[in-house]
4 protein chains.
Amino acid sequence: MTVNDEVGSDNHSGVHPDILKAIETVNAGYSVAYGDDKCTNRTVKKFKEHFGKDIDVFFVGNGTAANILGIKAITNSFNSIFCAETAHLNVHECCGPEKFTGCKLTVVPTLDGKLTVDLLKPYIFGFCDPHMAQPKVISITQSTEYGTVYNPNEIKNLSDFAHSKKMLLHMDGARLCNAAASLNVDLAAITRDAGVDVLSFGGTKNGMMFGDAVVFFDKNLSKNFEFIRKQGMHLTSKMRFISAQFEALLSNDLWHKNAKHANNMAQFLCNELKDVPQVKITQKVQVNAVFASLPKKFITELQKKYAFHVFNEQTSEVRWMCSFNTSKKDVMNFVKAIKAVVS
Amino acid sequence: MTVNDEVGSDNHSGVHPDILKAIETVNAGYSVAYGDDKCTNRTVKKFKEHFGKDIDVFFVGNGTAANILGIKAITNSFNSIFCAETAHLNVHECCGPEKFTGCKLTVVPTLDGKLTVDLLKPYIFGFCDPHMAQPKVISITQSTEYGTVYNPNEIKNLSDFAHSKKMLLHMDGARLCNAAASLNVDLAAITRDAGVDVLSFGGTKNGMMFGDAVVFFDKNLSKNFEFIRKQGMHLTSKMRFISAQFEALLSNDLWHKNAKHANNMAQFLCNELKDVPQVKITQKVQVNAVFASLPKKFITELQKKYAFHVFNEQTSEVRWMCSFNTSKKDVMNFVKAIKAVVS
Amino acid sequence: MTVNDEVGSDNHSGVHPDILKAIETVNAGYSVAYGDDKCTNRTVKKFKEHFGKDIDVFFVGNGTAANILGIKAITNSFNSIFCAETAHLNVHECCGPEKFTGCKLTVVPTLDGKLTVDLLKPYIFGFCDPHMAQPKVISITQSTEYGTVYNPNEIKNLSDFAHSKKMLLHMDGARLCNAAASLNVDLAAITRDAGVDVLSFGGTKNGMMFGDAVVFFDKNLSKNFEFIRKQGMHLTSKMRFISAQFEALLSNDLWHKNAKHANNMAQFLCNELKDVPQVKITQKVQVNAVFASLPKKFITELQKKYAFHVFNEQTSEVRWMCSFNTSKKDVMNFVKAIKAVVS
Amino acid sequence: MTVNDEVGSDNHSGVHPDILKAIETVNAGYSVAYGDDKCTNRTVKKFKEHFGKDIDVFFVGNGTAANILGIKAITNSFNSIFCAETAHLNVHECCGPEKFTGCKLTVVPTLDGKLTVDLLKPYIFGFCDPHMAQPKVISITQSTEYGTVYNPNEIKNLSDFAHSKKMLLHMDGARLCNAAASLNVDLAAITRDAGVDVLSFGGTKNGMMFGDAVVFFDKNLSKNFEFIRKQGMHLTSKMRFISAQFEALLSNDLWHKNAKHANNMAQFLCNELKDVPQVKITQKVQVNAVFASLPKKFITELQKKYAFHVFNEQTSEVRWMCSFNTSKKDVMNFVKAIKAVVS
């Protein structure tokens with residue numbers, strides 16, 4: 001029996017048919033490279049419909065690049081960046097942020113992956129002391145690496161706090177669509193309207209093939225970004241193939257449908273597991289992730305059939321992800337496999 | 001009348017149908033992310049068929065990344081890199097090489113974009129002097145930014161020289177296929193067999209959508225590359241969509257057919273221009289580029305109809321590129337337009 | 001009345017007369033620059049007498065440079081470095097380590113500034129996972145930023161642990177002399193013999209004017225250091241003026257006498273404060289620092305007369321330092337001032 | 001017979017007695033660290049007397065640091081810097097500028113080490129093109145690495161050109177005093193009054209022990225420099241020992257006397273060599289350096305007695321330096337040695 005990847009990660013899925021079709025369509029004929037093409041222009045307009053007309057938006061190759069280059073644009077090399085200990089920026093970018101920006105990452109322990117002003121305060125000090133990295137950016141992930149969601153007020157509190165300190169709020173939105181679908185709000189409500197300054201907007205985990213967007217809500221922050229992107233190795237020549245994907249994702253509510261479905265499947269999985277006493281759900285299931293702890297031996301057994309991520313070896317906490325193309329049957333099969341293992 | 005992009009650059013073309021098909025095929029089902037998938041494994045084998053079995057190969061998002069990250073893998077921050085003044089590495093990567101490696105780029109003026117040992121020698125000194133950047137890498141572009149080609153002996157001379165100084169030879173192969181097709185040799189003949197140590201192998205200018213490969217011909221040089229790639233923001237999650245493209249390109253001689261066609265079209269354009277006295281061909285037409293000088297007023301006029309690159313403002317030298325999907329009719333129309341302008 | 005600096009820091013003191021004399025003596029005549037002079041050669045021999053004959057030693061301008069450049073020599077850009085949350089490397093080097101090495105600093109909370117294997121273990125993981133910074137260096141400060149001291153066994157435990165993970169042990173020895181004097185051991189006992197791989201050996205806080213030494217206990221680690229030092233802006237031209245100071249410090253037990261005296265004065269201050277109930281000593285007084293907490297209003301009052309550092313605003317914890325030229329009278333006056341303020 | 005260092009470099013000399021005395025004087029008592037002391041305040045005022053009252057001045061450890069950190073303050077990582085091929089910045093800083101700023105160094109060949117607008121123009125292009133490093137700084141050395149001098153008008157032409165392109169003019173003034181003494185002007189005439197934006201002002205080659213100053217003529221450019229200096233490892237704790245030296249150098253015309261004497265000795269050496277036909281003076285002798293070419297075998301012979309620098313192996317060009325404490329007798333002995341060798 002082969003190992004299945006259904007619950008490994010939402011990027012184990014392929015490309016949504018509508019997005020693949022958009023790629024095929026944009027392929028016809030010649031097109032100016034490096035983003036001066038018609039499709040990219042249309043897609044920028046589409047972003048403005050969703051995020052507001054005063055934004056600047058740039059496409060890059062992936063989410064790590066979106067995070068690092070977006071933060072590079074708003075920092076000096078002597079700044080510090082504050083994020084949750086579990087942040088992708090901290091754990092899964094191989095100290096790319098440090099290397100490319102020169103900045104210090106100061107990490108804040110959290111219970112659920114969410115920062116609050118109270119959690120942050122003891123870490124933010126040293127303004128004007130030349131011995132110390134100068135606090136500049138608070139970076140949050142929406143939805144978080146624990147599958148939890150900031151509501152608009154929680155984000156507003158953080159941006160107000162940041163701005164009161166002349167700092168900026170960065171959001172890693174690799175799964176922004178899942179958060180918006182979960183809260184049943186539009187994309188601007190948890191970004192521009194909540195005071196976010198710079199956003200990484202990802203689609204790869206929501207049906208795209210590749211590509212990420214860096215969205216600046218204040219054009220003063222983006223004035224050097226074209227150079228930063230090129231120096232940062234992320235000016236794509238045939239850019240229309242990224243923009244066409246985003247155009248499809250942001251049209252016909254595709255972003256919302258895909259995300260909503262993935263969220264629902266995680267909720268369904270969570271519900272199906274309620275009567276399995278050996279499996280303990282460890283985080284609120286707000287988007288498309290289910291975090292659970294179960295005895296190590298069951299994990300080992302289950303991994304023979306399904307590939308998935310052990311989030312915390314010490315607490316036997318695992319992560320099961322659903323995606324836009326996870327089916328109820330996929331979930332049922334997985335639940336069956338769990339029950340077989342623990343029984 | 002709209003501006004045409006046919007001769008702007010070989011990356012103004014779209015994706016070759018065989019490659020698009022490969023993308024669609026690989027899209028089915030789930031697949032492990034980050035390069036552990038079956039398609040990537042198959043494609044690595046395909047590379048070994050072409051480049052030799054002792055290589056290590058890694059996929060990244062684009063050619064600038066392939067150059068910078070490949071060189072980062074073989075340098076310390078205090079090294080210097082030697083390249084032609086016209087090298088993409090020097091002119092068109094926005095000092096990304098300097099920023100990401102810390103190294104000095106020492107540029108050597110050339111007439112045709114090609115380095116030779118004699119041209120290099122006066123620039124390479126200072127070994128063991130701690131005040132000076134330590135010479136480490138010679139980087140050449142094949143085919144060059146001037147559309148010229150190194151034959152295997154010329155490359156061997158450079159690699160022998162480099163190795164005699166304990167230096168390494170890097171090759172920017174954004175248009176390697178065009179060079180191999182021009183020389184009518186296989187891909188190993190002008191890379192592994194000629195002593196190249198690290199290669200950027202590009203496909204975007206030869207029918208791919210995105211993606212580039214870094215090929216190491218000595219596995220000792222690549223042992224840290226996985227970390228360098230991730231830190232360098234180029235670990236693609238859905239990697240199968242890059243590898244599938246390369247698999248198609250390296251199958252059924254597609255790489256050769258596409259390149260040969262593009263080369264032929266440039267030759268055709270060159271020939272058609274022989275009886276236009278106002279247009280002077282300035283470089284040998286060995287691959288898919290035609291360099292020519294013509295009076296500035298004609299350039300201005302022609303650019304109203306066709307988008308193309310003025311390579312050197314001072315000498316009125318322009319670059320016209322052909323691609324895998326340039327047709328004879330495209331060329332004829334362009335020649336007609338030139339003749340109309342200069343008459 | 002002017003503010004006194006006696007207890008501000010041990011670098012508020014000037015230069016010890018023997019060291020100043022050594023500077024004057026070495027000034028006569030011409031001397032080759034950049035470290036090829038006789039005095040530097042003699043001083044390197046002196047270091048070998050103290051630290052062992054297989055070392056490599058290099059002089060740099062200050063302690064921050066010694067830390068950053070020493071660590072740069074033993075890391076790749078994708079590594080992580082583990083240190084106490086209070087480490088100078090983390091708090092007081094303005095993210096120079098991140099900028100110059102590219103590495104991630106992972107900080108471990110401690111009660112007394114001292115790392116242990118048990119404290120470290122939960123933070124060290126991710127080996128071979130390309131998404132994660134690769135663990136490489138454990139950095140400890142001897143004596144610590146809290147004035148506490150590692151005994152030889154404690155260091156050995158850390159170096160054994162580091163080496164078992166193919167990691168290295170770095171020591172920030174800005175106050176190494178104070179630690180050795182406190183333990184009544186020689187300098188090798190708490191460095192080479194305890195398994196330290198790279199050491200920053202500082203003298204500025206122990207009577208020198210400027211200059212620091214980077215000592216490598218394995219010559220394989222130092223083979224690129226000359227280039228790293230120059231690129232790192234710390235190759236001093238008139239190097240004999242640093243080496244002459246170290247030669248004096250390491251001769252006639254000066255390093256020990258100065259450090260012992262400073263330690264004794266801190267002990268004396270600590271004892272004199274025992275009957276002041278408003279002042280609570282918060283850390284063991286093992287070297288030349290006294291950490292104490294006292295009500296904020298008394299701190300404010302006392303700072304009108306004496307400049308000193310508030311280490312922790314939230315806990316009202318202050319730091320009082322003694323140096324080689326602190327006198328009993330200085331201490332008595334300070335105690336008198338405290339008593340006047342709290343009474 | 002031992003090798004003499006008299007003509008090796010101006011930094012083979014020791015410290016001028018007045019400067020050593022200033023160091024001894026400032027040593028008394030305690031003093032706040034990191035530049036808040038009285039002596040540093042006095043010295044900043046002294047700088048303002050010489051360079052104008054609107055400047056900002058910061059002390060660092062050496063000239064390489066002054067150059068690199070000064071330029072870091074006025075660049076973004078995607079900028080390019082233009083300097084003469086022979087510039088210290090390019091040749092003798094081990095690609096520290098590239099590593100620490102991320103910028104590209106574009107080097108311009110010159111005959112005498114001096115840049116002109118005409119020489120620069122062909123190299124400065126690419127404004128607003130995101131593929132290209134953005135031109136930002138022209139860096140000149142006064143006096144140059146060839147011992148030649150820019151007059152005030154020549155500097156003004158360069159600064160006007162720079163400013164017309166929204167670029168800035170940086171000056172490496174490691175031997176600024178020699179240039180001013182040669183031109184018989186004050187220090188402001190060839191810096192502030194000529195439009196220089198940032199200056200490295202060195203004293204080590206003119207009688208100081210260590211230390212360099214970064215002078216900003218526009219305070220908007222220096223607002224982050226305190227952080228850049230600390231992150232750049234050049235915040236000296238006992239800073240009074242640098243400032244005291246500068247205070248002495250800038251008092252009682254010491255800077256001028258020392259430089260004038262060194263210049264005169266070079267002129268004297270040049271004159272004495274006029275009747276030695278085997279020695280050809282290759283550059284104007286305007287400051288304290290004599291550049292000459294002589295047959296290789298004589299160089300080898302002479303280097304058995306005198307240590308000096310072969311500037312260009314290919315042209316047999318050597319550099320002989322005089323300093324504040326070179327005596328007529330030193331010169332006469334050296335001339336005698338030359339004559340003995342060539343006869």
Side-chain angles (χ1 to χ4, degrees), chain A residues 9 11 62-64 67-68 71-72 75-83 85-109 118 121-137 145 174 309-315, chain C residues 9 11 62-64 67-68 71-72 75-83 85-109 118 121-137 145 174 309-315:
Chain A
S9 181
N11 61 25
N62 57 55
T64 292
N67 283 342
I68 294 176
I71 287 176
K72 165 77 176 160
T75 50
N76 279 304
S77 61
F78 49 78
N79 284 134
S80 54
I81 302 156
F82 299 82
C83 63
E85 198 172 18
T86 43
H88 194 269
L89 198 68
N90 179 46
V91 184
H92 286 107
E93 301 186 357
C94 200
C95 54
E98 287 89 342
K99 165 106 179 86
F100 201 74
T101 69
C103 297
K104 175 179 286 301
L105 251 68
T106 297
V107 304
V108 180
D118 283 347
K121 269 185 178 167
Y123 291 88
I124 296 182
F125 54 86
F127 291 98
C128 298
D129 179 343
H131 293 82
M132 295 191 179
Q134 294 299 293
K136 188 63 187 286
V137 176
E145 290 76 6
H309 187 51
V310 179
F311 207 72
N312 189 328
E313 294 279 357
Q314 293 172 308
T315 59
Chain C
S9 180
N11 62 24
N62 57 55
T64 292
N67 282 342
I68 294 176
I71 287 175
K72 164 77 176 159
T75 48
N76 279 305
S77 62
F78 48 77
N79 284 135
S80 55
I81 302 157
F82 300 81
C83 64
E85 198 172 18
T86 43
H88 194 269
L89 199 67
N90 179 46
V91 184
H92 286 107
E93 301 186 356
C94 199
C95 55
E98 287 89 343
K99 163 108 180 83
F100 201 74
T101 70
C103 297
K104 175 179 287 300
L105 250 68
T106 298
V107 304
V108 180
D118 283 347
K121 270 185 176 165
Y123 292 88
I124 296 183
F125 54 85
F127 291 98
C128 298
D129 178 344
H131 292 82
M132 294 192 182
Q134 295 299 293
K136 187 62 186 288
V137 176
E145 290 77 6
H309 188 51
V310 179
F311 207 73
N312 189 328
E313 294 278 358
Q314 293 172 307
T315 58

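These numbers come from the heavy atoms of this one structure, side chains and all, not from hydrogens, waters or symmetry mates. Chain naming here is simple, since letters A, B, ... match the order of the sequence lines and numbering starts at 1 in each.
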Between A:Phe78 and C:Cys94, what is the shortest heavy-atom contact and its length? CB-SG, 3.9 Å
Does a side-chain heavy-atom distance below 4.5 Å link A:Lys99 with C:Thr101? no
Side chain to side chain donor-acceptor pair (under 3.5 Å) partners of A:His131, counting only residues at least two apart: A:Asp129
Which atoms form the tightest heavy-atom contact between A:Leu105 and C:Lys104, and what is the distance? CD2-NZ, 3.7 Å
Which region of A:Pro130, side chain (C-beta onward) or backbone (N, CA, C, O), has a non-hydrogen atom less than 4.5 Å from a non-hydrogen atom of chain C, or is it both or neither? backbone
Side chain / backbone / both / neither for A:Asn79 at chain C, heavy atoms under 4.5 Å: backbone
Between C:Ala133, C:Pro97, C:Gly96, who has the most heavy-atom pairs with chain A when the cutoff is under 4.5 Å? C:Ala133
